[in-house]
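Input: a single structure, listed below in structure tokens.
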Protein chains: 2
Amino acid sequence: MSETLTREEFLANVAFNADGLVPAVAQDAETGEILMLAWMNRESLALTLDSGAMTYWSRSRQSLWRKGETSGHTQEVVDALIDCDGDTLVFKVRQTGPACHTGARSCFFRKIAK
Amino acid sequence: MSETLTREEFLANVAFNADGLVPAVAQDAETGEILMLAWMNRESLALTLDSGAMTYWSRSRQSLWRKGETSGHTQEVVDALIDCDGDTLVFKVRQTGPACHTGARSCFFRKIAK
């Protein structure tokens, strides 16, 4: 079960929250590893879709944030997915270098001991 | 690069938002497929860790929501991960049946056409 949407349908189906943001999960397109979660507003989402380069909205800096613009650790979009109710996005990406500012491949490098 | 945390360290590192919630991504432990994203408050997170059954906070119903409690489509926790700044959780799970209320395996069954 899989549906494809046009760019316009995709954008129209996004349910931004009260702050105008939607969470975007970046997943390694090759390995399936979840790399990070950050937020997008409508502008950063449109830029992401148009450029193919993951572009977030930095809530702390209140500004557009093209991933890797300073570090070089860019994320190239392979697939853009939207969930059933439109309030979460998943992007399968080709990650250059580490995704995490700590230098870890993924931001999710800590897990609970079993 | 991987670190393990005790249950107490894990809980202490979660940065809940202004509503007392944190986004939790459920990922199929076998295939790596991202199944859904929902939200947890401190109580639902503690219940999830103690029971091993994914338990969210329903923002629409404002109540605890043990995944599958009515549908039977439960999610058994395999691994619990937390990101670098503590504001997102990832759970690797064993999913029984479809994760999505639409009957789809994953809530992310729509993607943008290439």
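Computed from heavy atoms alone, side chains included, the values below leave out hydrogens, waters and symmetry copies. Chain identifiers are assigned alphabetically (A, B, ...) following the order of the sequence lines, protein sequences preceding nucleic acid strands; residue numbering begins at 1 within each chain.
In this structure, A:C107 and B:C84 have side chains that are in contact, with non-hydrogen atoms separated by less than 4.5 Å.
Atom CG of residue A:D85 and atom SG of residue B:C100 lie 8.0 Å apart, to the nearest 0.5 angstrom. The line from CD1 of B:I34 to CZ of A:F91 is 11.5 Å long, rounded to the nearest 0.5 Å.
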Pair B:K111, A:L5 - check side chain to side chain contact (heavy atoms under 4.5 Å, CB included), show working. CA-CA 6 Å; B:K111 68 176 181 179; A:L5 304 179; over 6 Å; no

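Contacts between A:V25 and chain B at a heavy-atom distance below 4.5 Å involve the side chain alone, from C-beta outward. With a 4.5 angstrom heavy-atom cutoff, A:T6 touches chain B only via backbone atoms. Residue A:V77 does not touch chain B at all, counting heavy-atom pairs closer than 4.5 Å.
When each of A:D83, A:D87, A:L37 is paired with B:L37, the side-chain contact (heavy atoms from CB on, under 4.5 Å) condition holds for A:L37 and for no other. Among A:V90, A:I82, A:L89, the one residue that satisfies the side-chain contact (heavy atoms from CB on, under 4.5 Å) test with B:F108 is A:V90.
When the side chains of ILVMFWY residues are joined at heavy-atom separations under 4.5 Å, either directly or via intervening members, A:L11 and A:F16 end up in a single hydrophobic cluster. Under the 4.5 Å side-chain contact rule for hydrophobic residues, B:V22 and B:V93 share a cluster.
In terms of modelled atom types and a separation under 3.5 Å, the side chain of B:Q27 and the main chain of A:G32 share a donor-acceptor contact. Side-chain N or O atoms of A:E9 include none that pairs as donor or acceptor with a backbone N or O of B:I112 at under 3.5 Å.
Residues A:R110 and B:G86 approach most closely at NH2-N, 4.0 Å, considering heavy atoms.
Between B:D79 and A:K114 there is a salt bridge, since at least one side-chain N of the basic residue sits less than 4.0 Å from a carboxylate O of the acidic one.
Near-neighbour residues of residues 40-74 of chain A relative to chain B, defined by a heavy atom under 4.5 Å from a heavy atom of that chain, comprise A:L49, A:R59.
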